[in-house]
Every structure is written in structure tokens, then in C-alpha cells.
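The sequence lines fix the lettering, A, B, ..., with proteins before strands; numbering per chain opens at 1.
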Amino acid sequence: MELAKAYDPKAAEEDHYKRWEENGFFAPEINQDPKAVKFSIVIPPPNVTGRLHMGHALQHTLMDALTRWKRMQGFRTLWLPGTDHAGISVQRKVVEQLKKDEHKKPADIGREEFVRRAWAWKEQYGNTITEQMRREGASVDWSRHRFTMDPDLSRAVRNVFCTLYDEGWIYRGLRIVNWCPKDRTVLSDLEVKEETKKDGKLTYLKYPVKDSDRTVTVATTRPETMLGDTAVAVNPSDARYQDLIGKTILLPLTDREIPIIADEYVDAEFGTGAVKITPAHDPNDYQIGQRHDLPQLLIMNDDATMNAAAGPDFEGLDRFVARAKVVERFTELGLLEKVDDYGITLPICERCKTIVEPILSDQWFVKMDEMRDMALELAREKVPHFSPEVPHQKVYTTWLDNLKDWTISRQLWWGHQIPAWYDADGNVFVARTEEEAREKAGGRELTQDSDVLDTWFSSGLWAFSTFGWSGDTPVRGDADKSVRAPSDLDTFLPTDVLVTGRDIIFLWVSRMMMLTKKFVNKVAFDDVVVTGTVLGKDGKPMSKTRGNGVDPLEMFDKFGVDATRIYLASIATGADIKWNDIGLETYRNFANKIWNATRFCLMNADNSDVYASSDEVAGGSQFIADAEQTIADRWIISRLSKTAFAVNKALDTYQFHEAVSLLYHFFWDDFCDWYIELKKDQITSGDVAANTRIVWILDMALRMLHPFMPYLTEELWLKLPGSSSHLHNVAYSEAPATIMLADFPLGDAKLFDDAAESEMASVIDLIKKVRNIRAEMNISTAIKFTVHIAAAADVQEVFRANEAQILKLAKAERLVITDALDVPRASAKAVTNDAEIAVPLEGLIDFDVERTRLCNQIAKLTDEKTRLDGQLSNSNFVDKAPAEKVQELRGRQEELADQVETLQKNIESLN
RNA sequence: GCCGUCUUAGCUCAGUGGUAGAGCACUCGCUUCACACGCGAUAGGCCACAAGUUCGAAUCUUGUAGACGGCACCA
């Protein structure tokens with residue numbers, strides 16, 4: 001069989017995914033082993049508004065690599081896909097569409113129609129990202145795809161809400177919340193980011209004291225809020241204001257009189273020591289207001305314009321216009337003391353970057369104290385365990401420690417409408433259905449709460465709602481047929497690992513831990529792999545506004561899916577990385593290397609024996625007692641086994657980059673550069689045993705690469721002679737042939753062969769030294785020379801056994817293997833750890849070049865020797881260091897001494 | 001303000017209490033019958049700086065400088 005000369009990713013990516021999916025390879029049901037252990041991952045559901053970006057590609061690669069790796073080992077594997085309804089994002093898309101197409105506002109069409117259109121939007125555009133995941137090769141079980149607003153997931157949301165309400169963990173209350181005036185909804189603390197403004201202002205306002213000619217100066221960054229002031233506070237022990245406590249302020253621009261109160265919260269050292277108190281627009285002021293029973297005067301509308309309470313001069317003005325006007329009026333009144341420049345950080349809406357306004361509002365909250373304690377208890381036992389552990393384990397625990405209540409209502413139409421109903425008097429009835437609520441209300445007319453729940457409320461249930469938990473009983477016999485018996489919940493929860501970005505550890509990971517524990521009394525997942533951020537070429541996070549984004553799909557087109565995947569997997573776990581195409585080129589080249597190595601093997605493999613059974617194959621047991629093995633064979637099998645062992649260990653500990661590096665160097669350096677070259681003659685001459693063996697090694701290597709490079713490895717593996725389902729893991733013996741169900745090599749310690757590795761090291765060292773002589777002496781490859789080698793008897797044996805290979809790779813004509821060198825003066829010389837080498841070069845040698853070459857070698861060895869001599873003459877070291885270490889260094893010291901001595905003699909012999 | 005991370009070859013990054021690694025770039029060779037997306041051979045680093053612990057520190061501790069992240073506060 002002959003392959004194309006270069007690997008074409010597109011051709012390989014074309015059909016395999018469809019075949020895998022249609023054959024049901026992704027579903028756990030493919031596993032026929034009743035005793036199989038499960039392995040499960042739920043995907044962090046991407047937003048339906050999302051398009052695949054590098055962060056997804058990275059996370060999906062890692063999840064897929066783990067899933068494929070476990071699946072090949074015979075685990076009952078499920079990677080569950082799904083999407084999130086993404087409340088605000090979808091709402092915004094639909095609002096935009098409505099405006100663009102029909103010049104209408106949501107209010108014009110009403111809630112019902114709006115929600116209908118949101119669903120239509122979701123149906124039309126919401127599966128962009130799931131289609132893109134197919135391109136990635138993600139081996140998710142599409143038959144179990146979930147959406148956070150699926151009927152059963154929505155039932156779960158209602159049930160959870162009602163239960164938490166009944167138990168007093170959910171409450172409705174008037175609090176200062178983060179209000180986004182653009183989205184016109186409340187946000188949780190986690191959805192508020194900050195922006196540092198250097199050109200902020202601190203404005204000092206003078207408030208006249210009633211029945212006095214004094215004024216009290218207060219400072220503020222938001223002057224317009226003075227219209228909602230209901231007090232001025234000072235520290236009770238502040239001497240400057242003692243006599244004013246209890247007096248009254250005539251609040252300028254209003255006709256209101258407000259008290260001067262004393263409160264410990266006020267820092268006498270800061271600013272003027274007097275603070276304006278606006279209980280409806282500041283969390284601290286709210287607290288003070290509560291303590292002093294102050295009125296709460298709300299002066300803004302939900303779009304951050306001033307309302308009637310701000311007075312007729314200000315009503316209807318935008319907050320920033322009002323701010324300027326307040327300052328202007330104070331100036332006119334002579335009550336503006338000064339305006340200082342003041343660096344300030346402003347809270348902004350995570351999504352639309354609008355400045356968030358703290359306002360007093362009636363909202364729904366989840367009380368976090370018991371949930372927090374539950375999660376903390378687990379966190380102290382390192383559940384879940386984060387990789388990398390530093391810093392996430394600690395950050396997560398600390399965050400939990402300081403957790404505040406969670407604002408869960410949102411003033412949107414798209415989402416899970418809150419299952420609470422009100423009667424005409426405002427009494428609330430929380431129930432699973434409207435009927436139930438009406439029953440509770442004694443049949444009164446009810447109106448449902450118009451708010452929806454925070455998107456993260458439903459994603460917080462993702463770890464169990466996706467497995468069929470709806471909160472209704474019983475779970476078994478659920479109408480949804482995609483929930484299999486025994487129930488997925490029993491089978492797949494706890495999930496094994498969650499792979500996610502650090503930005504949603506609090507928003508999502510923590511809430512899944514808490515809610516899963518609370519409602520299913522299970523741990524949601526044992527491990528959390530936290531991925532780093534793929535940064536743009538400029539070292540900053542990729543973003544549309546910066547224009548530094550890299551589209552994974554473009555990379556797929558340019559370099560291939562497999563190259564992109566394995567490159568992403570080569571990034572150290574949790575580390576940020578600056579994007580560079582060169583990294584991708586490296587792995588594009590690697591893919592081509594794999595292709596061509598296979599091409600070479602297949603050109604000669606027509607006569608290779610197919611192997612008998614999967615057990616023998618994966619363990620390599622058929623090769624253990626193979627009498628025809630050369631040192632190179634034992635060596636490559638040892639290297640293969642050690643690589644397999646190390647790859648499994650690396651994946652076990654989520655060291656994906658380590659696994660990639662091991663495979664890269666095993667395949668390219670050991671297998672291609674040395675093994676194939678050493679075996680070339682045997683292979684091309686049609687040696688059946690040799691061909692069978694090399695195909696086996698290739699087979700094993702392809703299997704280990706498959707989790708990272710699914711398309712290439714499948715394409716090639718199916719072309720190997722004898723690749724068929726009998727090579728599958730026993731759990732999949734009945735499935736059609738595919739590498740994705742082949743047994744994953746674990747690395748058999750019986751095949752570790754240190755003797756072979758050390759012998760090969762001798763051969764490789766020898767060949768390299770001879771090549772060095774040729775290169776440094778500038779001798780054309782056309783000239784075949786004789787290589788003289790002096791070595792101990794056992795080493796001689798190794799060289800003799802590999803004579804043909806040494807001749808070929810060193811481009812030599814003859815080897816003279818002896819106990820001691822006997823060569824003409826005009827020879828180039830070198831030493832290895834266990835041999836002396838000389839190449840007679842009569843007429844070709846430049847004695848100065850040779851002298852320099854030898855001196856350079858001596859210099860290098862002497863550097864090392866000097867260090868060792870010093871270390872070994874230090875009695876502290878010899879006494880205190882482990883004897884083993886001392887022994888090892890002494891051995892090396894002797895070796896070096898010998899080599900330096902030999903090289904010096906060689907130089908002398910030149911003179 | 002609190003907590004934390006990073007600083008290693010020209011570039012992008014691994015790594016480890018016991019002789020510094022990779023890919024790319026650079027230099028020098030190669031139409032070697034799988035691959036120029038290749039093959040071979042070199043060169044290149046007092047592992048940010050300072051002090052400490054240790055027989056031994058690039059690795060552990062502390063401090064300094066620079067880059068960055070999270071949280072809190074912001075009258």
C-alpha cells in the first residue's frame with residue numbers, strides 16, 4: 001500500500017467523525033463489559049450565543065483526550081454535551097434583532113411573543129457551537145445532549161427553587177444590589193467587574209447647618225446621589241463635629257431637612273470626616289440607614305435617569321447629566337468647596353461594560369451560609385481537588401469563607417421564570433405550578449413573578465439535572481427516553497473530572513458542588529482541571545475589540561484539527577500561553593512525520609503477520625520471547641513500554657503536556673530517527689518478523705497518540721495490516737474496527753530492558769561521534785572511511801552485533817573493533833563513555849582543525865571534571881551526601897579522567 | 001489594602017534539591033531509495049536581583065525590582 005507523500009488533514013477529517021457517531025462509539029452503551037468501571041465528564045455548557053473560541057478548543061481537547069484515553073482502556077465512558085440558555089446574551093440578541101428588523105421594542109410585542117422569538121432564535125442559531133464541536137472531533141454522546149431549558153431540566157430548576165424556598169434558603173428582600181441600567185436587570189456580585197479610572201473626581205460639597213451659619217463639607221464621587229441623601233454621618237468621637245451631632249442639615253437643591261448622626265463606621269481620618277448618607281444608593285449607607293432608621297429615598301429609574309424624587313429640576317436627566325448639573329448648582333450657590341482629581345475604580349457590567357449603579361431593590365436571594373459550610377467542609381478535604389492545586393485550592397476555599405448571599409432574580413424574559421405568584425395584596429405563593437400556587441392561595445387570582453432566574457442557577461444543577469434528576473419522583477421510569485436504566489444518575493454521578501476556565505470557578509464550579517451535595521447528596525466531581533488562558537500574540541486576552549483573536553476554525557483549516565489539538569494539549573496545565581503559529585507548525589510537521597513513518601512501514605509491510613489477539617497485542621507478550629530480536633528491537637520495545645507507562649501516569653495526573661512531550665520524542669527521536677534508520681535494511685528486504693514488529697510498534701504509538709490526534713491516527717490505523725476489531729479492548733469486541741476502541745497500551749514493566757537501553761546508548765554515542773568527525777572535518781558523504789574502535793570485550797560485542805547499522809548510519813565502509821587502537825598519525829579521534837574511536841584520514845585531515853576539535857572536547861569534559869573534583873574533595877559533601885550519590889559521581893569522575901587523558905594523548909600524537 | 005502567580009537560550013515555553021531542556025530562529029553540511037512539514041552536525045543560558053537554609057539552591061525561605069491575576073474597599 002502506498003500513501004500520499006504528505007499528510008492532508010482535510011481528507012482524514014472528512015468521514016471519520018460521522019462514522020464514529022453513527023456507529024455509536026461515543027455513547028457508553030458501546031461498552032459491552034458488564035463489569036466496566038464508569039468514567040464521566042459533563043461539558044461546561046457553552047452559551048447558545050457562543051462561537052467556538054480557543055478557550056473552548058483547549059478545554060474540549062483536554063476533555064476529549066481524557067475521554068478517549070479512558071474509553072480505550074475499557075471504561076464505560078460518557079462525555080455529556082449540552083448548551084446553556086445564556087439569559088442576558090440571548091435576550092440581547094433578540095432585542096437587537098427586533099430593533100433591526102421591525103424597529104420594535106420588547107414591550108411592543110409582549111412577553112409571550114418575545115419568548116417565542118427567543119426560542120426561534122435559539123433553534124436557528126443556537127447550535128453553531130455544537131456543530132463546531134463535531135469538527136473538533138469531540139467524542140461526546142450526542143444522544144444525551146442537554147439544554148438548560150429542556151423540560152426536565154426546567155422541572156429540576158422549579159423543584160430546587162421550591163425546596164430551597166420551603167427550607168428558608170431562598171428569600172425575597174429589599175437590598176442594595178448591582179443594577180445594570182443598560183440591561184435593566186440586577187446582577188450578582190460575580191457579574192460585576194471593575195474598571196480603573198484615573199481621571200475620576202472627588203467633589204466636596206458644603207451642606208448648610210440649620211439655624212447656624214456653619215456648613216459641613218462632605219466628599220463624593222457621585223454628586224447626583226446627594227439628591228437622595230437622608231443624613232450626614234460623623235464619627236461619634238470626632239471633636240470637630242461633637243456639637244453638630246443631632247443638628248439638622250438643610251439639604252441644598254431640595255426642600256428636605258436631614259439629621260446629622262454619629263456612627264462608628266465613619267473614619268474621622270478620611271476626607272472631611274463627614275459622610276453624606278444615601279441609603280438607597282450605597283451598600284454602606286444602607287447599613288447605616290438601617291441602624292439609624294433613616295428613610296430610603298430612591299432617586300433613579302431603572303435606566304439610571306433621575307426620577308420624580310430627585311426633584312423637578314432633575315427628573316428625567318441621565319445620571320451623568322444630573323451629576324454635572326448638581327455641581328453647577330452648588331457652584332452657583334457658593335456651596336462647592338472644591339473638586340479634586342481622584343483615581344477611582346468603577347463597577348462595570350461584565351457583559352456590556354456599562355457602569356453599574358448600586359440601588360435599593362426588591363430581589364430574590366439564596367442564603368449562602370449553610371451551603372457555604374457544606375462546601376467548605378468538602379473543600380477542607382480537598383474536594384474537589386484542583387489541578388493545578390496552586391493557587392486554585394486556596395483561592396476557592398478563601399472565597400467560600402467570605403461568601404455572601406447570591407442574587408438570583410433577573411429582570412429578563414428569557415430564562416426560567418421564577419415560580420412565585422402574588423395575590424392582589426402582594427402575598428407571595430411559591431409553588432411548582434400555577435395550580436399549586438392557586439391552591440395555596442385559596443383560589444385567589446394570582447400573577448406570576450415576572451423575573452427569571454440567574455442563568456447560573458440552572459447551570460448550578462448541571463452535574464445532576466443532565467443525568468435525569470428532575471426533582472420529581474421517581475427518577476427511574478422517567479419519560480425522557482435518553483435517560484437509561486439503571487439511571488444515569490446512579491451510574492455517572494459523581495463525575496470524574498471537570499475541565500474549565502478559572503473565570504467560572506466561583507460562578508459555576510462552587511455552585512455545582514453545593515447544589516449537587518444538597519440535592520443528590522453526592523460530590524459533583526472529584527477533580528477540577530483549571531485551564532489557563534490562551535492569550536493573543538500581544539500577550540493580552542483575546543477579544544474582539546483588541547482584534548487579537550485567533551479563530552480555532554481557521555487554525556483547523558490551516559494546520560489541521562489534530563495539530564491544533566495536540567498543540568493545545570502541549571500547554572502546561574493551567575498556564576497561560578501567548579498564541580504563536582510556530583507552535584502549531586511544530587505539530588503540523590509532527591503529524592506529517594507520523595504520516596510518513598507510517599507510509600514507510602506500509603510500503604514494506606505487505607508481508608507482515610497480523611497479530612492474533614488483543615491481549616497479546618497491547619501487552620506485546622508475543623515479542624518477549626522473540627529469538628530474532630536485535631538490540632535495537634529490545635531497545636525500542638523498552639522505550640515504547642516506558643513511554644506508555646509514563647504517558648498513562650502523566651494523564652492520570654492531568655499532565656497533558658508531559659504526555660505530549662513523551663509521545664513527540666518517542667515517536668520522532670526514538671522511533672523515526674533511530675529505530676527506523678537502524679532497521680531500514682531489514683524492513684526493505686522483506687523480513688517478515690521485522691515488518692510485523694515495526695507495525696506493532698507503530699500500532700502502539702498510534703493508539704497512544706489517538707486521544708490527542710484522533711483523525712490522523714484513525715486514518716492510518718485502519719490502513720495497518722490486520723487492524724480490525726479483534727484488536728479492540730475486550731469491552732468493544734463486537735464493534736466495527738476503529739482505533740478509538742483499540743486497547744490503550746499501559747506499558748508492561750516486563751518489557752523494560754535497561755541492558756538494551758544502555759547498549760543502544762553505546763551504539764548511538766558511537767555513531768554520533770563518527771558523524772561529528774565527518775561534519776567537523778568537512779568530509780563528503782561520498783567518502784567512505786574505516787572506523788577503528790577500541791573497547792572492552794562486552795562493548796565490542798555490542799558493536800559487532802550492530803556492525804551493519806553502524807556502517808550505514810555513520811556512512812563508514814569498515815569497522816575495525818579491537819582492544820587497543822593502532823592507527824596512523826593522520827587520524828581523527830574521539831571518545832565515548834565506553835569506547836575510543838579513530839578514523840584514519842590520510843590526506844584528508846587538517847591537523848589544526850583536528851587539534852581544535854579535540855581541545856574543544858577536552859574543554860567540555862574538563863569543565864565537568866573540575867566541578868566534580870571540587871565536589872568530591874569536599875569532605876562535607878562526601879560525609880553528608882547519600883553514599884549512592886557519592887558513588888555515582890566517583891564513577892563519573894573516573895570516566896571523565898580516562899576520557900580527558902585519552903584525548904590529551906590524541907593531541908600529542910598529532911605533533 | 002489583602003491573597004496569589006510569573007520572571008529559564010534571540011523568540012515561544014517545559015523542567016527539577018545533585019552535571020540546564022524542547023520547538024522555532026541562527027551557523028555549517030546533505031537531491032542519504034518515508035518525510036525539505038525532511039536528514040546530519042554545531043553554536044547559544046552565572047535559570048530577574050540580593051541575602052539565608054543546605055554537603056549541595058535555578059529548584060526551598062525571606063526581601064527587592066518588574067509583569068500579571070483574584071478579592072475587598074473606594075466619603
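- Side-chain contact between A:Asp340 and A:Lys201 is absent, with no heavy-atom pair separated by less than 4.5 Å.
- Applying the 3.5 Å distance criterion, the base of B:A75 shares no donor-acceptor pair with the side chain of A:Glu269.
- Within the nucleic acid shown, A:Thr398 has no heavy atom closer than 4.0 Å to any nucleic acid atom.
- Computed from coordinates, the A:Gln899 CD to B:U19 P distance equals 17 Å when rounded to whole Å.
- Nucleic acid contact class of A:Asn284 (heavy atoms, under 4.0 Å, all strands): sugar-phosphate only.
- Two residues, A:Asn876 and A:Tyr204, neighbour RNA chain B, and the one matched to the more 5' nucleotide by heavy-atom proximity is A:Asn876.
- In this structure, A:Asp401 atom CG and B:C3 atom P are separated by 15 Å, rounded to whole Å.
- Among all heavy-atom pairs drawn from A:Asp503 and A:Leu507, the shortest one is O-CD1, 4.0 Å.
- Side-chain atoms of A:Thr345 and base atoms of B:C74 include a donor and an acceptor less than 3.5 Å apart.
- Annotation: A:Trp406 is not in aromatic contact with A:Phe506 [ring centroid separation under 6.0 Å not met].
- Of the candidate nucleotides B:C35, B:C55, B:C3, B:C35 has the atom nearest to the side chain of A:Arg599.
- Mapping A:Asp673 and A:Pro391 onto RNA chain B by nearest heavy atom places A:Pro391 closer to the 5' end of the strand.
- Checked against B:U42, B:A20, B:A14, the side chain of A:His657 finds its nearest nucleotide in B:A14.
- Residue contacts for A:Tyr664: at a heavy-atom cut-off of 4.0 Å it reaches the sugar-phosphate backbone alone, with no base atom in range.
- Counting distance only, with no hydrogens placed and no angle test, the side-chain atoms of A:Lys680 and the base atoms of B:A34 include a donor-acceptor pair under 3.5 Å.
- Under the 6.0 Å distance and 45° angle rule, A:Arg693 does not count as a cation-pi partner of A:Tyr675.
- At a cut-off of 3.5 angstrom, counting only N and O atoms as typed in the model, there is no donor on one side facing an acceptor on the other between the side-chain of A:Lys5 and the base of B:C35.
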Practice prompt. Kindly indicate, with the supporting measurements, whether the criterion salt bridge (charged side-chain N to carboxylate O under 4.0 Å, His left out) is fulfilled by A:Lys558 and A:Asp581.
Written response: CA-CA 10 Å; A:Lys558 199 168 164 193; A:Asp581 283 1; 3.5 Å; yes
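- In this structure, CG of A:Asn589 is placed 4 Å from P of B:G38, rounded to the nearest angstrom.
- Taking 4.5 Å as the limit, every side-chain heavy atom of A:Glu389 sits out of range of all side-chain heavy atoms of A:Lys394.
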If you restrict it to nitrogen or oxygen atoms, what contacts under 3.5 Å exist between nucleotides 28-31 of chain B and the protein, and what is each distance?
none

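- Phosphate proximity of B:A41 to A:Arg771: present, with a side-chain N or O under 4.0 Å from OP1 or OP2.
- A donor-acceptor contact closer than 3.5 angstrom links the side chains of A:Thr278 and A:Lys276.
- Distance CD1 (A:Ile676) to C1' (B:C35): 10 Å, rounded to an integer number of Å.
- The ring of A:Tyr587 has its center closer than 6.0 angstrom to the ring center of A:Tyr664.
- Protein atom CG of A:Leu889 is 8 Å distant from nucleotide atom P of B:U19, rounded to whole Å.
- The aromatic rings of A:Phe590 and A:Phe667 sit perpendicular to each other, their planes meeting at more than 60°, with 30° as the lower class boundary.
- Here A:Gln871 lies in heavy-atom contact (under 4.0 Å) with a base.
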Discussion item. Can you give me the dot-bracket string for RNA chain B, 5' to 3', counting Watson-Crick and G-U wobble pairs with both distances under 3.5 Å, using [ ] for crossing pairs and | for partners on another strand?
Written reply: (((((((..((((....[..))))..((((.......))))......(((((..]....))))))))))))....
